[in-house]
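Just so you know, ligand 1 is whichever comes first in the structure, and atom 1 is the first atom listed for that ligand.
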Amino acid sequence: MHSESSAGNGSGSPDVLLARLKEFHSAGRGFWSDVPDRDWNSWHWQLKNRIVSLSQLHRLMPTLSPEEYAGTQLANTKLALGITPYFFNLIDPADETCPIRRQVIPRIEETRTAPWEMTDPCGEDSHSPVPGVVHRYPDRVLFLVTDRCASYCRYCTRSRLVSNATGYDFHPDFARQIDYIRQHPEVRDVLLSGGDPLLLSDEKLDHLLRQLRAIPHVEFLRIGTRIPVFLPQRITPELCEVLRRHHPLFVSIHSNHPRELTTEAREALGRMADSGIPLGNQSVLLRDVNDQLVVMLALLQKLLMCRVKPYYLYQCDLIAGSAHLRASVRQGLEIMEGLRGHTTGYAVPQYVIDAPGGGGKVPINPDYILKRSKERVVVRNFEGKLFEYPDAMDGTPLAPAPVELEEAELV
Ligand code: SF4
C-alpha cells in the first residue's frame, strides 16, 4: 500500500497518479484472514471487533510513531479511539503520512488547543432548543440520534459529545425531539445525524423515520452517515428496504480520500442507489490527506463512479486540537480553481466555511467576477480568459451577445 497524500512522491506524472488513485480495490482481510466470511461480512462482528485500545492498536501496528503512541494514550479523555477491522485494513502501517491513518489514529497534537479553537465551533449547543435538536436555519433542523460512530475521525466537529470521552452524556429523547418538530410547522427538512444514525437497528430506524414522516409539514428527510466508508457491511438489503419506505430521503455520506472508496464501499453505495436514495458526499479538507488537487480530483471522480454526487467540501472547523489536520483556505481555493471547468460540473462540490460560532455555511469560491457595474459584469473563465456580460436593471441585455475582450483592456 502507498500513501497518496503527496503527489510528488515519485509516482510518475499527475495523469498516472490520478489513474492509480482512481483504481478500486478491496480492503482485504489483513490480520483477520482466519475470520469466516460470515463474521467478516457481519456489521455486528465488525463493531464488536473494533480496535479501541492502545494495546490492540500497538499489537496490530508496532510502527506507531511516538506522537501517535502518546496521542492514543490520551485519546479516551477527548475522543475515543475506534476503528473497524475493515477500515483498519486501509491503513499503510509502513507510512506515517498515510492519509487514512491520519484520519483515525490519534496524535499528541490533539491535546494542543490554539486560542481560536473551540469545543463547539459551530455553536450547536447555543442553537439547541431541546437536547438533540439543533435549529440554526429557518426551515430545517439537525436531529442528533446517537453519540456513537463506527470509527472516530480525529477532526470530528462534534467530538464534545461523540464517543462520550469528555463525559458530555448525550442521551437523545426522541419523543421530545419529535414533539419539537411537530410544534414547529416551519420545519420542512430534518437531517438525522450524530454520531451515526445508521448504527441504530433497522427496527429503531424504521420507527423513528415513520414518526418523522407522519408529521405533515416534514417534506424531506436526510441522513448524514460515514457508515458506507467505515462499515459498508451495515448497508444490508434489509436496511435499504427500511430506507426506501420513507422517501423522499436523501443520504449524505462522508468520504475524504479516494482510497476509502473500495469495491466494498462501491457495492454498498450501489445498493442504496438501487433503492432510489439520492446520494451526496461531504468531505473535509484535511492537511496531508486530500489537500492536493490530484487527490481531490480522484476522490470526486470516484464518487461519481459510485453514484454519489459531491455536495460540500468543508474547510475544517476550528475544533480544539485539530490544527495539525487543517489545510489553509488558500489551498482550498486553489483546489476549487483546479476543479471548476477542468472536470465534470457534477464532480465539483461547494466549498464552504461553517462560520465559527454558529453563523452557518458560507460558500467560498475563487473570484470569477472581476468587475460589476449597473450595466455589465466582467468575468473570467477557467482558462483565465475574460468576458463581458451586458446586464441591465430590468434584466434586458444591453448587447446581443457576450463579447470576448482583450485582457489588456480590462486589466
Ligand atoms: S463519523 Fe462523523 S460524527 Fe462520527 S466521528 Fe466521524 S465526523 Fe464525527
Side-chain angles (χ1 to χ4, degrees), residues 43 46-47 50-52 71-72 75-84 86-88 90-91 99-107 110 117-122 124-125 128 132 134 142-166 168 170 172 191-200 222-235 251-257 260-261 265 268-269 279-287 289-290 299 308 311-322 324-327 352 354 361:
W43 65 282
Q46 289 282 339
L47 286 177
R50 287 189 310 168
I51 296 120
V52 294
T72 307
N76 286 339
T77 59
K78 186 179 176 285
L79 172 69
L81 167 73
I83 311 172
T84 55
Y86 160 84
F87 196 71
F88 183 84
L90 300 181
I91 292 175
I100 305 297
R101 179 172 177 162
R102 282 179 65 73
Q103 294 182 66
V104 290
I105 295 194
R107 294 182 64 90
E110 289 178 22
E117 291 180 337
M118 297 166 251
T119 50
D120 181 15
C122 298
E124 292 182 341
D125 286 347
S128 180
V134 179
L142 178 62
F143 188 115
L144 301 181
V145 168
T146 171
D147 62 359
R148 300 299 138 137
C149 299
S151 302
Y152 293 112
C153 314
R154 306 319 304 172
Y155 51 86
C156 177
T157 203
R158 225 165 271 144
S159 54
R160 70 188 185 286
L161 69 89
V162 161
S163 88
N164 202 31
T166 63
Y168 187 97
F170 175 63
L191 167 59
L192 302 187
S193 184
D196 206 310
L198 295 189
L199 285 184
L200 296 191
R222 287 186 281 167
I223 294 177
T225 177
R226 215 178 172 195
I227 287 286
V229 168
F230 283 149
L231 186 61
Q233 296 81 358
R234 170 67 183 109
I235 312 298
V251 168
S252 283
I253 70 159
H254 170 177
S255 174
N256 294 324
H257 191 277
E260 295 168 13
L261 297 173
L269 292 164
L279 299 169
N281 180 67
Q282 316 198 65
S283 298
V284 181
L285 182 67
L286 295 170
R287 192 197 302 176
V289 173
N290 57 14
L299 169 67
V308 180
Y311 177 35
Y312 281 131
L313 171 63
Y314 286 94
Q315 178 62 20
C316 185
D317 289 329
L318 298 174
I319 185 74
S322 63
H324 62 294
L325 282 169
R326 197 169 314 119
V352 289
D354 222 323
K361 293 178 193 67

Under 3.5 Å, is there a donor on one side chain and an acceptor on the other for [X] and [Y]?
X: Arg158; Y: Ser193; result: yes
X: Tyr155; Y: Asn256; result: yes
X: Ser255; Y: Glu260; result: yes

Taking all non-hydrogen atoms of both residues, which atom of Leu269 and which atom of Leu279 are closest, and how far apart? O-CD1, 3.5 Å
For [atom], grab the closest protein heavy atom and report residue, atom and distance to one decimal in Å.
atom: atom 2 (Fe) of ligand 1; value: His254 ND1, 4.3 Å
atom: atom 1 (S) of ligand 1; value: Arg226 CB, 3.7 Å
atom: atom 5 (S) of ligand 1; value: Cys153 N, 3.3 Å
atom: atom 8 (Fe) of ligand 1; value: Cys156 SG, 2.3 Å

Does any N, O or S atom of Cys149, backbone or side chain, fall under 2.8 Å from atom 4 (Fe) of ligand 1? yes
For ligand 1, which atoms, with element, lie under 4.0 Å from some heavy atom of Gly195? 3 (S)
Note, Val229 side chain near His254 side chain (heavy atom, < 4.5 Å): no
